[in-house]
Amino acid sequence: METFTLYREHLGQFLDVCQEQFRVQIPVSAGDGRYRFSPLAGHGVEALALEYHRTLLPPKKYFLLPEETICTFDQKGYHPVEVAEEPFLLFGLHPCDLHGLRIIDQFFSTPYADSAYQSRRKNALIVGLGCLPDDKCFCATMNTQQIMGGYDLFFWDLGERFYIQVGSEAGHGLIHKAREMFHDVVDEDRQDYLETLYQRRHLLTPKVDVADLSQIMEANPDCAVWDELGAACFACGACTMVCPTCTCYDIFDRVELDGSGRRCRQWDSCLFRDFDRIAGEVHFRSDRSDRVKNRFFHKEVVHVKQHQRSACVGCGRCQEACPAGIDVVSVLSRVHASCA
Amino acid sequence: MNVLLPLSAHMVHHRKLAQDVALFQLQLDDPFAIGPSGENHRPGQFVMLSVPGVGEAPFSICHAAHIDYLELCIRRTGSVTRRLFELGENTLVGLRGPFGNGFPMEKMVGKDVLLIAGGLGLAPLRSVLQYVLQHRESYGRLILVYGMGRQAEALFREDLEYWIDSTKLDVCLAVEHPAPKDLFPADTGHVGMVLERLELTADNTVAAICGPPVMYGPVAKILRSKRLYPENVFFSFERRMECGIGHCGHCAISCRSTCQDGPVFSAWEARSLGEPLEV
Amino acid sequence: MTTITINHLSRVEGHGGIHVTVGPDGVERCEMEIFEGSRFYEALLLGRHFEEVPGTISRVCAICSSGHTLCALGAIEDALDITVTPQVQSFRDLLNLGQFIESHALHLFCLAVPDYLGYSGVLEMAQYQPDVVGKALELKRIGNAIQELIGGRAIHPVNMTIGGMGRIPTAESLTALAGQLAEGLESALALERFIIELPIPDCHLDQAVYVALQPDGSNYALHGGMLAASGHDPIPVANFRQRVHESVVSHSTAKQSLYSDKPFMVGAVARMVLNGERMSGVAAQTRNRIIPDRPTPMHNNPAQFVELVWALSEGEKLAHDLSLATPESPVNTQVKAKKSAGQQALEVPRGTLYHAYGLNADGLLCDADIITPTAQNLANIEKDFATTASCWLHHAQNDEARLKHGLEMVARAYDPCISCATHLVDLTMRKESS
Amino acid sequence: MNSRTAQKPKVGIFGLTGCAGDQLALLNAEPELIALAGRVDVVVFDMAISRKEEWQGMLDLALVEGSVCSQRDREELEKIRKQSRSLMAIGSCAVWGGLPAMTAHIPVKQLNKQVYDDGEVFPKAMGAEPLSSFVTVDFSIPGCPIEIGELLEALAAILAGGEPQRIDFPVCAECRMAEQICLVQSQNRVCCGPVTVGGCKARCISYGRPCDGCRGPVDDPCYDATREMFFRHGLAKADVVDALRRFSTPAWVERNLAADFAGDPQRRGHHRSQTKESGT
Ligand SMILES: Cc1cc2nc3c(=O)[nH]c(=O)nc-3n(C[C@H](O)[C@H](O)[C@H](O)COP(=O)(O)OP(=O)(O)OC[C@H]3O[C@@H](n4cnc5c(N)ncnc54)[C@H](O)[C@@H]3O)c2cc1C
Ligand code: SF4
Ligand code: SF4
Ligand code: SF4
């Protein structure tokens, strides 16, 4: 793999170079220890929060917009909308988010490609960033602490310099736009990189045992945990909004007074009451506990059946977002404990 | 191509079939468009039909591929369907599809075909029936069991008359509330009672079922008692659908999307998805 | 005896009607009947935490929602000895100006003027006077834009909190607002001719006892520590209760107030009479051209126009200054509850608004007293109804339509909250044998 | 409402007891109002048009604002219902009873005494009730005041022959979508977001203050879990109950449930289309 180093003081310059070609998005502080991806243009390099652990919303917000227009309609028929072809660069995705992106990349390419998602995705350059966990991260539990590929560049913070892995031709091109800022990797850089990995590895230990989890869940669908969760959860959908791999959406028409309008889609959640409603007010999961359970089953059983991996990437967002304080790790461990 | 973009189509004709049920004939504006044209679908597939400003909903194509327009048999229940009934001929609608797997016509080749319809469930099964009639020599016996509350609710009356008279298939009607002026010979009761008395060759019969969900459990039970193989019994399922391409999440049953992997599932599959069917 | 009843005032705030009873000796009774269902706002505040008060009380009235919010905030801050920073105060002043612009533009052009000119409403007027209506709506939009930007919502603002405010608007948005206000001022000035030519009817009304807050400084302003009244010495606002008495009348869910036992009037014309001299610049010029020497309540509408001009120019200055100021962090000091009482008086579009609250040691409301401008005006409105009705009696052509029209005009002039539309309908006459 | 008929659909806009905020919100949206006037015939608009004579005949749609606070309101409402094919409740007062319904647990007599000191009041007051307590409501647009965009979209949808978009998610969902920081978590504030129906894009939270619940309860409110959550954050029960009682737990919830939050309420106030006859 092609590797380089970049001195910290050149990062801003490098991002400026990137800005010439791309709308650069960086993690910035939102106050109160929270972060969000925002345009570099509106903030300046000083705002770049390299120390962030997780953003309020995952990078999916750039690809599957919270609300977007699918097509327009009028008396003449339905008309496509152009997705803005503005290239952009997402700087600073942690491995868990890169995993998340991979999962939804795949999801939105089968069985049909989602054209809006794909064209935004095609226009994006992704720069990863190495990280250290906080108390809510559980990537080591979900096995997403490491990522090989799925990025154009990946930055490891070695203190006064970054160790940079190039993951694609586009990433290579980016480096060569400002080649003079980058240095070839020497032995010492490699040593420091490995040292960083070593240190990080010791902070990243699995939080709970999830061995056989899918099998346990499937074998024990009536686990008492689901009823307890059904009582604690208010089905506000916060967890699904912030989840990097939740992709459900709702389609509806927004009409103007002249009868023309837009067909829109908006993030939806399997926790909402009308999610599965069909004509005649029939629901398939009318109990809140069924809905919560469905969410966990989808991540931990269904997705594993389909793709041999859990759809949870351990980013800790849902736990952070949940006003009711429901914490995935403890849910998983309690479910797991039913087979102890 | 954007699969979520409906193709413009026009309503050619619609006519009442029963109280709150009508047959709609639709035609794509662009005859060369790749979309639901009336010819390019498998029996049991459905389309997403849009009414501008109101929304979109899934409907089964109710005929086999043979005509140059699309026929949908629709019951008025909610917003989209209510509006459809108000629309005049030649109004603009949108169409996407066809979607879904449809009934496995290949699996039925050489076998007896048993169609069990409850109420509106006749719509998708009519496409299977027409398909079998079109390829009559490839299939064994063809039996239609059609249940309804009252004969006044019977759909596709001309078809029924023709089918009843025809020697190409057997038709058994089950009517829960008979009335003196009823036109068709029928059993009194629900489809289960008709099924009970049918002589079926257990290892050579394929069943296709569509109707209200309450019908599925009892029918599955009877078919099991008749020793049909669960992998030869096919149910068409109904779930909320919005995208039709397995993305929006609404129709998921366990790890399958009803819109893409279904709506037709064998009794075995359905049960493995957690549907409470006894097979 | 004849009773003339106007059953239903098709109006903005609540439902009201008018009863006039004429006996052999002349006009016997004139009542402004308010049959708005009672919502018991004062009572439903009791026992609630002080933080809930502004958001609750704003729901008394949509058009005055910013005024109620500001007044409630002030009264509670008074009780808790909180002084907001000058920057926050400036934002609040701007919010109030936004409300003045919106409310005056709405009442003047959409609700009052169509009747002067014989249109059924603003929609009809728009067909004949598109230019005037267009400009008026532009002004109204500016008023709303201010309330949206500063208050977070045009109706029932959310951005003002006890001790501070939630989000400080960006400098760009304030600069843009100042620009809008400057344009609005141009449009308003272009409407001056139209206002001057309005046929203000002569209803033979007297000058009222006018009451308004006296600004602390030398400029025209909407708050002040003293209460001025024509023919009386100013008193500190805190002594207000010694002069103004409220009473419950059986024909109305609104209370009526008297100033030193006399009906009185608050609102734009009262401010103009008592404080108009303090205006400067374009507003002063407009005032000189429009307001007569001895304005009667009928001149409330032109006075609103002067205030509209004033608020636009004042707002522009304020928005401009705020756009240059360094934004303070949106202050919301940790507010400590204590047993206390506080009050606030504020000039809002229809007159002086009073809020007074008592809090217990837990910060729960144990006392609430709210006096709205319309309630203060009611007695005077009825007095003017009586004048109008007697004049009508002595007039040669005393048909009911005429009286109805006269009474409507009077009610409309006051811009009462219960009848922002003041289109009086449905005249029924009952002959009762006495 | 059938937009195909040659005549423009007739619409009436009425106000019962309330602050008129919803009519004002409509009046504030002039360009849209003018567009609306091109599509429908606004026969009655209490706030903006004089009612020259008592209006007769059928309306296609009546928009009614405010709650029912007096016998007079009730009669007026019943009259409106009789004369309109569809009825839409606009604003939280009309949909849920709104803030005035907050006192529903206090006897009217006591309120009368507090405010009017036993003075005789006209007309006889009664506790505030939503429209659906007395008549069938076809569509509901909550909000205090309504989000004007939501109303216009609903009207456009009805004109197009459809139904207003049905919102089944709480304010929290929109709060997350807008990347706000949760005030319960960060500031220990009582926030009604979890039980309040979304549609305002978490307006108040975006101004740094908790949701007051002005849009009324979500379809499936989870009062128990919400209360538990606040208790875990160390907030007093009374504060929580008070906050929830303002808009999110309107009068009928308390009455139906007897005690505070004994369970989840049944859904009322959202009488939807199934109440309409379905004949051709
Ligand atoms: C595969 C399939 C085939 C169907 N075939 C037919 C048919 O041939 N004839 C027929 O009359 N009906 C059929 N239905 C049912 C039909 O889709 C619903 O009656 C229809 O969606 C009701 O829409 P509405 O807007 O009138 O109802 P509303 O209650 O207003 O529903 C609003 C929206 O919810 C969704 N929705 C509601 N009910 C259903 C449902 N049952 N299934 C999926 N989505 C739903 C739709 O997006 C709909 O637009 C079929 C359903 C499925 C899943
Ligand atoms: S819902 Fe709110 S805005 Fe509407 S009338 Fe009631 S208090 Fe006013
Ligand atoms: S509780 Fe309030 S602040 Fe927290 S997420 Fe919900 S709406 Fe937002
Ligand atoms: S956040 Fe809550 S109180 Fe604020 S507007 Fe939305 S629903 Fe109303």
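Chain letters run A, B, ... following the sequence lines, proteins first and then strands; every chain starts at 1.
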Practice problem: State the CD-CG distance between D:Gln187 and A:Asp32, to the nearest 0.5 angstrom. | Solution: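 Here the rounded value is 7.5 Å.
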
Self-check item: Under 4.5 Å from any heavy atom of chain D - which part of A:Gln266
Solution: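 Interface part for A:Gln266: side chain.
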
Quiz item: Salt bridge check: are A:Asp274 and D:Arg166 linked by an N-O gap of less than 4.0 Å?
Solution: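 Salt bridge flag = yes for D:Arg166 with A:Asp274.
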
Quiz item: Does a side-chain heavy-atom distance below 4.5 Å link A:Asp250 with D:Gln165?
Solution: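 Yes, at least one pair of side-chain atoms sits under 4.5 Å.
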
Exercise. State the CZ-SG distance between D:Arg176 and A:Cys322, to the nearest 0.5 angstrom.
Key: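 Between D:Arg176 CZ and A:Cys322 SG, I get 10.0 Å after rounding to 0.5 Å.
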
Quiz prompt | From D:Glu153 atom CD to A:Leu257 atom CG, the distance as rounded to the nearest 0.5 Å | solution =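 Those atoms lie 10.0 Å apart.
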
Quiz item: Which heavy atom in A:Cys236 sits nearest to a heavy atom in D:Ala173, and how many Å separate them?
Solution: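 Taking A:Cys236 first and D:Ala173 second, the nearest heavy atoms are O-CB, 3.3 Å.
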
Quiz item: Measuring heavy-atom distances to chain D, does A:Arg34 have an atom under 4.5 Å in its side chain, in its backbone, in both, or in neither?
Solution: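 For A:Arg34, side-chain heavy atoms alone lie under 4.5 Å from chain D.
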
Exercise. Taking all non-hydrogen atoms of both residues into account, name the closest pair between D:Ala160 and A:Val255 and its distance.
Key: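 Shortest heavy-atom contact: CB-CG1, 4.1 Å.
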
Practice problem: Compare every heavy atom of A:Pro323 with every heavy atom of D:Met229, then report the nearest pair and how far apart it is. | Solution: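 So the minimum-distance heavy-atom pair works out to SD-O, 3.0 Å.
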
Quiz item: What are the two closest heavy atoms between A:Phe275 and D:Asp168, and how far apart are they?
Solution: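 Looking at all heavy atoms of both residues, the closest pair is N-OD2, 3.8 Å.
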
Quiz item: For the candidates D:Leu36, D:Ile181, D:Val184, D:Val218, which exhibits the highest count of non-hydrogen atom pairs separated by less than 4.5 Å from chain A?
Solution: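 The candidate making the most pairs under 4.5 Å is D:Ile181.
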
Quiz item: So which residues of residues 37-58 of chain A are in contact with chain D at a heavy-atom cut-off of under 4.5 Å?
Solution: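 Interface residues of residues 37-58 of chain A: A:Phe37, A:Leu56, A:Leu57.
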
Quiz item: Can you tell which of A:Gly325, A:Gly259, A:Gly261, A:Cys233 has the highest number of heavy-atom pairs within less than 4.5 Å of chain D?
Solution: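 Ranked by heavy-atom pairs under 4.5 Å with chain D, first place is A:Cys233.
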
Quiz prompt | A:Pro66 to D:Met177 - nearest heavy-atom pair and separation | solution =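 Minimum heavy-atom contact is CB-SD, 4.1 Å.
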
Quiz item: Hey, does A:Lys61 have a side-chain heavy atom less than 4.5 Å from the side chain of D:Glu179?
Solution: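 Counting from C-beta outward, D:Glu179 and A:Lys61 do come under 4.5 Å.
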
Self-check item: Heavy-atom proximity to chain D below 4.5 Å, by part of A:Cys239
Solution: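 For A:Cys239, no heavy atom lies under 4.5 Å from chain D.
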
Self-check item: A:Phe272 and D:Pro170, any side-chain heavy atoms less than 4.5 Å apart
Solution: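 SC-SC contact between D:Pro170 and A:Phe272 confirmed.
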
Exercise. Measure distances from A:Ala231 to the heavy atoms of chain D and classify the residue's part below 4.5 Å as side chain, backbone, both or neither.
Key: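 Contact with chain D: backbone only.
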
Quiz item: Heavy-atom distance under 4.5 Å to chain D: side chain of A:Ala238, backbone, both or neither?
Solution: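 When you check distances to chain D, atoms from both the backbone and side chain of A:Ala238 fall under 4.5 Å.
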
Quiz item: Which answer fits A:Ala232, side chain, backbone, both or neither, if we ask what part of it has an atom under 4.5 Å from a heavy atom of chain D?
Solution: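 For A:Ala232, the contact with chain D is made by the backbone alone.
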
